[in-house]
Amino acid sequence: QVQAVESGGGLVQPGGSLRLSCATSGRTLSDAAMAWFRQAPAKEREFVAAIRWNGGRTLYADSVEDRFIISRDNAKNTIWLQMNSLKPEDRGIYYCAAGCDMREGPDEYAYWGQGTQVTIST
């Protein structure tokens, strides 16, 4: 069973940057991908980005492509989400999740962290 712990959230002004981390443990070969999702108040959880542990292939939501970068360190069992040029609509709780492949649907991921809050405000 994969355990994931997110960190790095906080308050940032529009146009600013944040780097989120997700430390994992307990993953197996079948847990081949990790993803970031976010959920704003009164909205459904939405896909942000995903990465494969093996090979590092990535997938991004259209809304964050060219602004966010997902990366991983296999030796540290950690993934990151570098978020640049942040917009008010990027706010929400950011979750990392483990699954068997890169998918955009949250139901495709079996293990989730507790989330980290990102607030965009002047």
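Within the 4.5 Å cutoff, the side chain of L11 has heavy atoms near those of the S121 side chain.
With hydrogens and angles ignored, the 3.5 Å screen pairs no side-chain donor or acceptor of Y109 with any backbone N or O of A33. Of the possible donor and acceptor atoms, one in the side chain of E6 sits under 3.5 Å from a partner among the backbone N and O of C96. Checking side-chain atoms of S21 against main-chain N and O of S7 turns up no donor-acceptor pair under 3.5 Å.
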Side chain to side chain contact (heavy atoms under 4.5 Å, CB included) for D73 and W80? Distances and angles first, verdict last.
CA-CA 9 Å; D73 185 322; W80 293 274; 3.5 Å; yes
Could you go step by step and tell me if C22 and W36 meet the side chain to side chain contact (heavy atoms under 4.5 Å, CB included) rule?
CA-CA 9 Å; C22 175; W36 287 98; 3.7 Å; yes
Would you sort out whether D101 and R52 count as a side chain to side chain contact (heavy atoms under 4.5 Å, CB included), showing the intermediate values?
CA-CA 7 Å; D101 204 353; R52 286 189 180 143; 2.9 Å; yes
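For the residue pair G56 and I51, the shortest heavy atom distance occurs at O-CG1, 3.7 Å. The minimum heavy-atom distance linking C100 with A32 is given by the pair O-CB, 3.3 Å. For the residue pair W53 and T78, the shortest heavy atom distance occurs at CH2-N, 3.7 Å. N74 and R27 make their closest contact through O-NH2, 3.9 Å (heavy atoms, listed as atom of the first residue, atom of the second, distance). The shortest non-hydrogen separation linking S17 to S85 is OG-N, 4.3 Å.
For Q114, the CD atom sits in a packed shell: over 12 heavy atoms of surrounding residues, nucleotides or ligands are nearer than 6.0 Å. Taking a 6.0 Å sphere around CD of Q82, one finds it holds more than 12 heavy atoms contributed by other residues, nucleotides or ligands. Counting non-hydrogen atoms of other residues, nucleotides and ligands closer than 6.0 Å to CG of N54 gives a total of 12 or fewer.
Here the rule is side chain to side chain contact (heavy atoms under 4.5 Å, CB included) with R38, and of D90, T116, I93, L20 only D90 fits it.
How far CZ of R91 is from OG1 of T119: 9.5 Å, rounded to the nearest 0.5 Å. To the nearest 0.5 Å, atoms CZ (R19) and CE (M83) are separated by 11.5 Å.
Residues L18 and F37 are members of separate hydrophobic clusters, defined by side-chain heavy-atom contacts under 4.5 angstrom among Ile, Leu, Val, Met, Phe, Trp and Tyr. Placement of F68 and V12 within a single hydrophobic cluster is found when ILVMFWY residues are connected by side-chain heavy-atom separations under 4.5 Å, directly or transitively. By the criterion of side-chain heavy atoms lying less than 4.5 angstrom apart, applied directly or through intervening Ile, Leu, Val, Met, Phe, Trp or Tyr residues, L81 is grouped together with L86 in one hydrophobic cluster. Follow the hydrophobic side-chain contacts under 4.5 Å out from V48 and you never reach Y95; the two are in separate clusters. Transitive grouping of hydrophobic side chains (ILVMFWY, heavy atoms separated by less than 4.5 Å) keeps M34 and W112 in distinct clusters.
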Could you list the donor-acceptor pairs under 3.5 angstrom formed between side-chain atoms of residues 57-65 and any protein atom two or more places apart in sequence or on another chain?
from, atom 1, to, atom 2, distance (Å)
Y60, OH, I70, N, 2.9

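Taking E108 as the reference, nothing meets the side chain to side chain donor-acceptor pair (under 3.5 Å) condition, with sequence neighbours excluded.
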